[in-house]
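As the structure lists them, so they are numbered: ligands from 1, and atoms in each ligand from 1. As a basis for the values below, the full set of heavy atoms in this structure was taken, side chains included, without hydrogen atoms, waters or symmetry mates. The shown structure was predicted, so the numbers you read here are calculated from the model rather than taken from an experiment.
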Amino acid sequence: MAAQDLLLAERIDQVRQAVGAARRQGRIVGCVPTMGALHAGHGRLIERARQDCGLVAVTIFVNPTQFGPNEDFTRYPRTLEADLALCREAGADLVFHPAPGAIYPPHFQTTVDVADVSVPLEGTFRPGHFRGVATVVLKLLNIVQPDRAYFGRKDYQQLQVIRRMCRDLDLPVEIVPCETVRESDGLAMSSRNRYLSPDERRRALSLSQSLDMARRHLLAGETDLSALREAMRTPLRAADAQVDYATIADPETLTELTAPQPEMVALVAARIGTTRLIDNLLIELPSP
Ligand code: AMP
């Protein structure tokens with residue numbers, strides 16, 4: 001089947017017009033916010049939105065405010081032509097690709113801070129990151145005004161921050177979480193994987209190995225979570241990864257756990273060479 005026409009919008013009013021027309025036809029509007037450099041993980045989000053919605057809008061915006069001063073904002077991959085092809089293939093109707101000035105005009109001064117859930121883990125290692133994320137996601141949701149917005153579990157803490165923000169601010173949008181898409185050997189797909197050399201690509205497998213180890217130990221009845229946190233670092237150290245964290249947390253609040261509970265999330269962040277990668281795994285203990 002031929003892919004449908006894809007509208008590329010660079011201005012907010014173009015998005016409002018397209019979404020308004022879809023709404024008048026009674027179509028459900030879905031939104032998939034991204035930073036581009038799209039891969040099959042993003043593709044899955046778009047396909048999922050296509051199944052549920054009558055209009056699928058993908059946003060592609062490398063948001064400067066969620067990068068720290070020493071992070072990879074300037075070298076973040078920008079691959080618009082390939083991204084548009086992937087969006088078309090996955091069934092998107094509209095791509096919103098604004099210039100930075102359209103999102104942050106002169107004198108911009110309002111930001112969104114989600115307390116507690118933004119604080120640990122990524123919040124500690126990337127100060128200000130979630131302020132940038134929450135602010136831009138709120139803006140994108142206000143621009144598109146979707147019924148449903150699709151986010152990957154790959155960025156687990158981000159998903160919880162966005163859910164919290166939407167509940168707290170009464171946004172009329174359903175947040176739909178989508179499973180992490182992995183390469184066949186287990187590496188979570190990420191736009192940053194393209195920075196990895198072949199040797200680093202092999203070493204990057206240590207993140208998913210660390211998470212698998214956590215799951216195996218917990219399912220086998222491990223109760224000493226500090227010992228488990230230490231064990232999770234073993235594959236990472238063996239791969240010469242610089243570990244930011246490797247831990248077990250509550251899946252909603254992201255606070256570190258001191259004892260196992262029925263639902264947990266294992267999370268890791270580590271640098272392989274100069275590339276910082278994150279991954280996570282939800283772990284459910286069978287009820288006794
Ligand atoms: P990004 O472009 O990295 O900001 O990601 C845009 C959206 O795609 C976020 O909701 C991510 O969680 C999601 N995403 C990124 N990688 C994956 C993946 N491997 N599997 C599922 N979703 C993903």
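A donor-acceptor pair is defined here as one N or O able to donate and one able to accept, closer than 3.5 Å; no such pair exists between the side chain of Ser118 and the backbone of Phe130.
Under the 4.5 angstrom side-chain criterion for Ile, Leu, Val, Met, Phe, Trp and Tyr, the cluster partners of Met189 are Val181. Membership of the apolar cluster around Leu218 extends to Leu196, Leu207, Leu211, Leu219, Leu225, Leu228, Met232, Leu236, Val243, Ile248, Leu257, Met264, Val268, Ile272, Leu277, Leu281, Ile283, Leu285, as traced through chained side-chain contacts below 4.5 Å between ILVMFWY residues.
Polar contact check, Val181 against ligand 1: a nitrogen or oxygen pair lies under 3.5 Å apart. Between Met189 and ligand 1, a contact under 3.5 Å exists for at least one N or O pair. The shortest N/O to N/O separation between Met35 and ligand 1 falls below 3.5 Å. Considering backbone and side-chain atoms together, Gly152 places an N or O closer than 3.5 Å to an N or O of ligand 1.
Remark: minimum distance from atom 23 (C) of ligand 1 to any protein heavy atom is reached at Lys154 CB, 3.9 Å.
The aromatic rings of Tyr104 and Phe61 sit tilted relative to each other, their planes meeting at an angle between 30° and 60°. The aromatic rings of Tyr76 and Tyr195 sit perpendicular, their planes meeting at an angle over 60°, well past the 30° parallel limit.
Interface atoms of ligand 1 facing Phe151, defined by a heavy-atom separation under 4.0 Å, are 10 (O). The contact set between ligand 1 and Leu45, taken as ligand atoms under 4.0 Å from a residue heavy atom, comprises 7 (C), 8 (O), 10 (O), 13 (C), 22 (N). Per-residue contacts place Pro33 under 4.0 angstrom from the following atoms of ligand 1 (heavy atoms of the residue considered): 6 (C), 7 (C).
Residue Asp155 holds the heavy atom nearest to atom 12 (O) of ligand 1 of all those in Val136, Ile46, Asp155. With atom 21 (C) of ligand 1 as the reference point, the heavy atom nearest to it among Arg48, Glu179, Arg44 is part of Glu179.
Nearest heavy-atom pair, Tyr245 versus Arg233, reported as atom, atom and distance to 0.1 Å: CA-NH2, 4.2 Å.
A cation-pi arrangement is present between Arg78 and Phe73 under the rule of less than 6.0 angstrom and at most 45 degrees off the ring axis.
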* Criterion side-chain contact (heavy atoms from CB on, under 4.5 Å) on Gln158 and Ile162, from CA distance to verdict -> CA-CA 6 Å; Gln158 166 177 286; Ile162 290 165; 3.6 Å; yes
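Ligand 1 lies out of reach of Arg153, whose nearest heavy atom is not under 4.0 Å from it. Note on ligand 1: His42 sits in its first shell, one or more heavy atoms being nearer than 4.0 Å. For His39, the closest heavy-atom approach to ligand 1 falls below 4.0 Å.
At least one side-chain heavy atom of Leu86 sits less than 4.5 Å from a side-chain heavy atom of Ile46.
Of the heavy atoms in Val32, none comes closer than 4.0 Å to ligand 1.
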